[in-house]
**Student:** 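Before I ask anything, let me first share the structure, which is written out below as structure tokens.
Residue numbers run from 1 in the order of the sequence given.
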Amino acid sequence: MRIFNKYQPLLIAKYVKTFFSGRLYIRGRGAFLYAKGVLVMPAHADERHRVTVQEINSLIGRLQEPQTA
């Protein structure tokens with residue numbers, strides 16, 4: 001389990017994309033699971049969890065897009 005002391009969405013997105021599955025904890029936001037390279041929405045998620053999962057997953061999607069010059 002990785003613990004992030006600050007909410008840094010891009011750093012978290014790169015971590016989730018790289019390690020593919022596991023658990024992480026973000027101080028002030030809570031615990032999250034990730035599988036297949038994306039964060040998984042918890043079954044009983046509050047609004048903060050929903051926003052965090054959506055933001056991180058959108059960043060992961062942007063990281064996976066091919067770069068055009």
Side-chain angles (χ1 to χ4, degrees):
M1 175 187 270
R2 170 77 192 263
I3 298 172
F4 292 93
N5 290 319
K6 290 183 180 179
Y7 179 61
Q8 298 173 324
L10 187 58
L11 179 68
I12 296 167
K14 287 179 181 179
Y15 177 82
V16 170
K17 183 179 167 226
T18 302
F19 287 99
F20 206 66
S21 68
R23 299 183 309 169
L24 61 90
Y25 178 82
I26 304 168
R27 186 165 299 206
R29 302 240 174 193
F32 296 89
L33 293 175
Y34 58 98
K36 299 181 183 178
V38 295
L39 283 182
V40 177
M41 187 71 70
H44 302 287
D46 60 3
E47 187 62 29
R48 181 170 263 186
H49 271 88
R50 290 180 207 281
V51 170
T52 303
V53 169
Q54 290 172 350
E55 184 177 6
I56 300 295
N57 286 342
S58 69
L59 284 172
I60 291 170
R62 280 195 232 152
L63 289 172
Q64 293 175 340
E65 289 177 356
Q67 300 296 319
T68 58

**Student:** Over all heavy atoms of both residues, which pair between V40 and A35 is shortest? Give the atoms and the distance, please.
**Tutor:** CG2-N, 3.9 Å
**Student:** Applying side-chain contact (heavy atoms from CB on, under 4.5 Å), run through K14 and L11 and close with a yes or a no.
**Tutor:** CA-CA 5 Å; K14 287 179 181 179; L11 179 68; 5.6 Å; no
**Student:** Please report the interatomic distance CZ(R48) to CZ(R29), rounded to the nearest 0.5 Å.
**Tutor:** 5.0 Å
**Student:** With a 4.5 Å heavy-atom cut-off, do L24 and L39 have their side chains touching?
**Tutor:** yes
**Student:** To the nearest 0.5 angstrom, please state how far the CD1 atom of I3 sits from the CZ atom of R23.
**Tutor:** 10.0 Å
**Student:** Can you measure from CD1 (I26) to CD1 (I12) and round to the nearest 0.5 angstrom?
**Tutor:** 3.5 Å
**Student:** Flag the pair T52 / E55 as yes when at least one side-chain heavy-atom distance between them is below 4.5 Å, and no otherwise.
**Tutor:** no
**Student:** Could you state whether Y7 and M41 fall into the same hydrophobic cluster, counting links through intermediate Ile, Leu, Val, Met, Phe, Trp or Tyr residues with side-chain heavy atoms under 4.5 angstrom apart?
**Tutor:** yes
**Student:** For F4, does the six-membered ring have the charged nitrogen or CZ of R2 within the cation-pi criterion, i.e. under 6.0 angstrom from the centroid and within 45° of the normal?
**Tutor:** yes
**Student:** Would you say L10 and L63 make side-chain contact, with heavy atoms under 4.5 Å?
**Tutor:** yes
**Student:** Do D46 and H49 have side chains that approach each other closer than 4.5 Å (heavy atoms only, starting at C-beta)?
**Tutor:** yes
**Student:** Heavy-atom distance under 4.5 Å between the side chains of Y34 and I56, does that happen here?
**Tutor:** no
